[in-house]
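Below is one structure, written out as structure tokens, with a few remarks after it.
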Amino acid sequence: MGKKLTGTLLLFWMIIIFAFSAQPASQSSQTSGTLAYKIAKWQSNLFREDKTEAELYDRAESMQLVIRKSAHMAEYALLALLLYLHLQYYPLSKKQMALLAFVITAGYAATDELHQLFVPGRAGRLSDVCIDSLGGILGISFCMILLYFLERCKKRVNFQKGKR
């Protein structure tokens, strides 16, 4: 059951990444621009700055690059995390799972950037492969740390049950 579930989630997430990469540059920019504008407006309201529309658009424009690159990292962090969870159903050590999850994530990032060469207005960039791969490292690290603490909690609960 778990192997099929993680495999399905993994495949679904890879399709989502592919779909975002297939968006023409204008559509992709509009998506991140809308999000950046909402964040700029939220900041203005939170700090009671009373920014004009022009100032909000300027702030949104300055945030767009960070938002886009953060989104790249986040989507590949999730991909790597799902890969690591899926690989637990195979006879691999934790190091092998981490390495394989990273290699597959980085490989998918590279093929994704290659795919973008054929999308209007988009470009395949080595820097994006590096950013995506860094996201993969963060996702794998997060997953390994989370599983470590869950395992410790489970051992602690089992130890306390045995004491009684």
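Of the inter-residue distances, the one linking H72 atom NE2 with S133 atom OG reads 12.0 Å to the nearest 0.5 angstrom. The structure places OH of Y148 at 15.5 Å from SG of C143, a figure rounded to the nearest 0.5 Å. Here CD1 of I17 is found 9.5 Å from OG1 of T111. Values are rounded to the nearest 0.5 Å. The line from CG of L85 to CG of L9 is 9.5 Å long, rounded to the nearest 0.5 Å. Atom CZ of R122 and atom CG of D112 lie 8.0 Å apart (nearest 0.5 Å).
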Inset, instruction - In sequence, state the C-alpha distance, the side-chain angles, and the governing distance for Y37 and Q64, and then conclude on side-chain hydrogen bond (donor to acceptor under 3.5 Å, both in side chains). - result: CA-CA 9 Å; Y37 178 81; Q64 255 194 322; over 6 Å; no
Legend entry - Chi angles and distances behind the side chain to side chain contact (heavy atoms under 4.5 Å, CB included) call for N45, W42: CA-CA 5 Å; N45 291 338; W42 174 77; 5.9 Å; no
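Residues L65 and M63 do not share a hydrophobic cluster, clusters being chains of Ile/Leu/Val/Met/Phe/Trp/Tyr side chains in contact below 4.5 Å. Hydrophobic clustering keeps L114 apart from M14 (ILVMFWY residues linked when any side-chain heavy atoms are closer than 4.5 Å, directly or through intermediates).
Closest non-hydrogen pair, A40 versus A60, comes out as CB-N, 4.1 Å. Residue A98 comes nearest to Y84 through the heavy atom pair N-CE1, 3.6 Å, listed as atom of the first residue, atom of the second, then distance. Closest approach of E113 and R125 over heavy atoms only: OE1-N, 3.0 Å. L87 and A101 get closest at one heavy-atom pair: CD1-N, 3.7 Å. Between G136 and A80 the shortest heavy-atom distance is O-CB, 3.3 Å. The minimum heavy-atom distance between A109 and D132, with the atom names listed, is CB-CB, 3.5 Å.
The pair R68-E75 does not meet the salt-bridge criterion, since no charged nitrogen lies less than 4.0 angstrom from a carboxylate oxygen. In this structure, E55 does not pair ionically with R59, as no charged nitrogen and carboxylate oxygen lie closer than 4.0 Å.
Scanning for ring pair (Phe, Tyr, Trp, His ring centres under 6.0 Å) contacts around Y90 gives H86, with sequence neighbours left out.
A parallel orientation is assigned to the rings of H115 and F18, their planes being inclined by less than 30° (bins at 30° and 60°).
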